[in-house]
Every structure is written in C-alpha cells, then in structure tokens.
Amino acid sequence: MAKPKLMGVVNVTPDSFSDGGRYLDPDAAIGHGVELVEQGADLLDVGGESTRPGAAEVSVGEERARVEPVVAALAETATVSIDTSKAEVARAALDAGASIVNDVTALRHDPEIGALCAERGATLVLMHMQGDPRTMQEDPRYDDVVEDVKAFLAERMEVAVAAGVAEERIWLDPGIGFGKDLDHNLELLRRLGELRALGRPLVIGTSRKSFIGKIDGSPVGQRLGGTIASSILAAAEGADVLRVHDVAEAAQATRVASAILG
Ligand code: HH2
C-alpha cells in the first residue's frame, strides 16, 4: 500500500457538521492548521462554507472574509487547498497562497473555477455529489453507484480539461456522504479500486461522516474508529489522499498499515 497523503480539515465555519464554530475565529483556525501540520498533515483544506445537508448558504463576501486570512497565514508553511464552489472565493484564496481548489460541485455551481485553475496552474479536485447539499440525502438513487460515479467523474474531468486544466492537475473524489445512502457509501468504498481506471489521484473523505453512525449508532463526536477503518481500507484500495479531521490518529494508522502491507 502506497502511503496516502493526509489532507487535514480546517473549517472556518459556524455550522460544519462535526466541528462547526470551533475554528470560526481566524486565530483559532490558523492555530488548528499549524497543529494539524505538526501532526503529519501533508496539506490543509480550508473551507468557509459547510456542505452538510441543509447548511445555510454563505455570501461571497462572508466566505472570503472567513478564509482569506487563514489561507494567507497557513500557506506560508503548508500546501493549502480551498474548499469552495465559488470562483471569486477560489481566486482570493489562490491570491493568498493556496495551490489547490477543492470544488464539491465539480464545476457545476461555478464553471469559472475551471478557467481560473487553468490560468493559475492550480490543482483541481472534482467531487461527485448527487443533487445539492439541501436535497442530496432525499432518497438518492443509482443504477450502479460505482459505474454512475465513475461516468460522472469522467465527464467532469472532460469539462475541466476543455476549460484548460491540465489532466495532470486533476484529482477525483467519489464524494462519500454526498447524495448517497449507507449502501451506496459502502459499495463505493468496497469497489474504490474500480475508480483507479480514471487514471487520476483519488481523494476520499469519510471522516466522522454519518454513514459510520448508521452502522453503529455512534454520535458525530465518537466516529474516530470508523474514520480510521474506512480510511485505511480506502488507502488499501488505492486512495491517494485522505481528507480527515483527526490527523494524528490517521498519520499513525497509515504508517502502521503501510509498514504491514509494504
Ligand atoms: N467532505 C466534506 C467537505 N468537503 N471535499 C471533498 N473533496 N471530499 C469530501 O468528502 C468532503 C469535502 C464534509 O466534511 P466537513 O468539511 O467536515 O463538513 P462541512 O461540509 O459541514 O463543513
């Protein structure tokens, strides 16, 4: 198993599903990011808008105000990705030193992000989501979830390339928990290897997500074991980047797993 990169989550929001409000203050967010790097994060994903089901929309001005100072400070010492679906926020974050744009709508909300990443030579993460955050958990349906997600990601990659993004700069993410029921999430994780055929690095975010609670009834603050199990199995199936809140524990788990599997 190749040791995956760890993407540490820095949510500068009042309402993220697992840590909303803890790092809304810029100094708290910066301190948290620094701590995650010390714990072994290879990159930091800074976000100013929650994507949890039913989350309130945030204006461009507010989202920029939340993320800009945090990105500027953290980019001095770390690789920073900006978790946004708005080109204006992405541009401000790239100006402040971010080098990756993580767009959970895969250029559907704001196609301008494609041209922006092309112009700046930024890496672009394209994630699968069925529906939008307001409605995505209302009875999601697929013919074959892995085939459907794979076709979607292939199509969004074509859109990004048509906008000028170099294929080598694209990462793909099946979007665990975004318009998927428990069986969909489990099937995607079980058959993650099939997405390798797309030929691009795979990002996986299972951290603290509700599918873990659906398996064992755990509340959001007690899903570390499930996060580690799912992240390591994903890495063994070929995930290249693990998006996690608990970096120290994930770093130990990936070290041990890659020592065993070689
Ligand atoms: N998950 C979340 C947010 N952004 N980006 C990618 N590429 N993949 C993911 O799985 C993913 C993501 C949700 O987690 P979190 O940021 O902790 O919560 P919230 O959206 O409520 O801020």
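Just so you know, ligand 1 is whichever comes first in the structure, and atom 1 is the first atom listed for that ligand. Note that the structure is predicted; figures quoted are calculated from it, not measured.
- When atom types are taken as modelled, the side chain of R156 and the backbone of A106 share a donor-acceptor pair closer than 3.5 angstrom.
- Atom 8 (N) of ligand 1 has its closest protein heavy atom at D173 OD2, 2.6 Å.
- Listed by number with element, the atoms of ligand 1 under 4.0 angstrom from any heavy atom of N11 are 15 (P), 16 (O), 17 (O), 22 (O).
- The shortest N or O to N or O distance between F17 and ligand 1 is below 3.5 Å.
- Using modelled atom types and a 3.5 Å distance limit, the side chains of N11 and T13 yield no donor-acceptor pair.
- At the top of the distance list for atom 5 (N) of ligand 1, counting protein heavy atoms only, stands N102 ND2, 3.1 Å.
- Note that the CG atom of D173 and the CZ atom of F178 stand 8.0 Å from one another [nearest 0.5 Å].
- Within a 6.0 Å sphere centred on CG of D143, other residues, nucleotides and ligands contribute 12 heavy atoms or fewer.
- Between D42 and K3, no side-chain nitrogen of the basic residue sits less than 4.0 Å from a carboxylate oxygen of the acidic one, so the salt-bridge criterion is not met.
- Comparing heavy-atom distances from atom 1 (N) of ligand 1 across M127, H245, K209, H128 singles out K209 as nearest.
- Of the protein's non-hydrogen atoms, the one nearest atom 16 (O) of ligand 1 is R243 NH2, 2.8 Å.
- A side chain to side chain donor-acceptor pair (under 3.5 Å) with R66 is found for exactly one of E68, E63, E62, namely E62.
- Shown in contact with V104 at under 4.0 Å from a heavy atom are these atoms of ligand 1, numbered in order with element: 4 (N), 5 (N), 12 (C).
- Shortest contact from atom 22 (O) of ligand 1 to any protein heavy atom: S16 OG, 2.5 Å.
- For ligand 1, the atoms sitting less than 4.0 Å from at least one non-hydrogen atom of G205 are 10 (O), numbered in the order shown with element in parentheses.
- In terms of polar-atom proximity, D83 is counted as a contact of ligand 1, with an N or O under 3.5 Å from an N or O of the ligand.
- Under the 3.5 Å distance criterion, the side-chain polar atoms of R169 are left unmatched by any main-chain donor or acceptor of L124.
- Judged by the shortest distance from any of its heavy atoms, R208 lies outside the 4.0 Å radius around the atoms of ligand 1.
- Close approach to T51 involves these atoms of ligand 1, each under 4.0 Å from a residue heavy atom: 2 (C), 3 (C), 13 (C), 19 (P), 20 (O), 21 (O).
- With hydrogens and angles ignored, the 3.5 Å screen pairs no side-chain donor or acceptor of R52 with any backbone N or O of F17.
- Checked against a 3.5 angstrom limit, the closest N/O atoms of D45 and ligand 1 fall outside it.
- Comparing heavy-atom distances from atom 19 (P) of ligand 1 across S50, P53, P174, S18 singles out S50 as nearest.
- Shown in contact with R52 at under 4.0 Å from a heavy atom are these atoms of ligand 1, numbered in order with element: 20 (O), 21 (O).
- Applying the side chain to side chain donor-acceptor pair (under 3.5 Å) test between R208 and each of T227, D246, D19 identifies D246 as the sole match.
- Between E187 and R190 there is a salt bridge, since a side-chain N of the basic residue sits under 4.0 Å from a carboxylate O of the acidic one.
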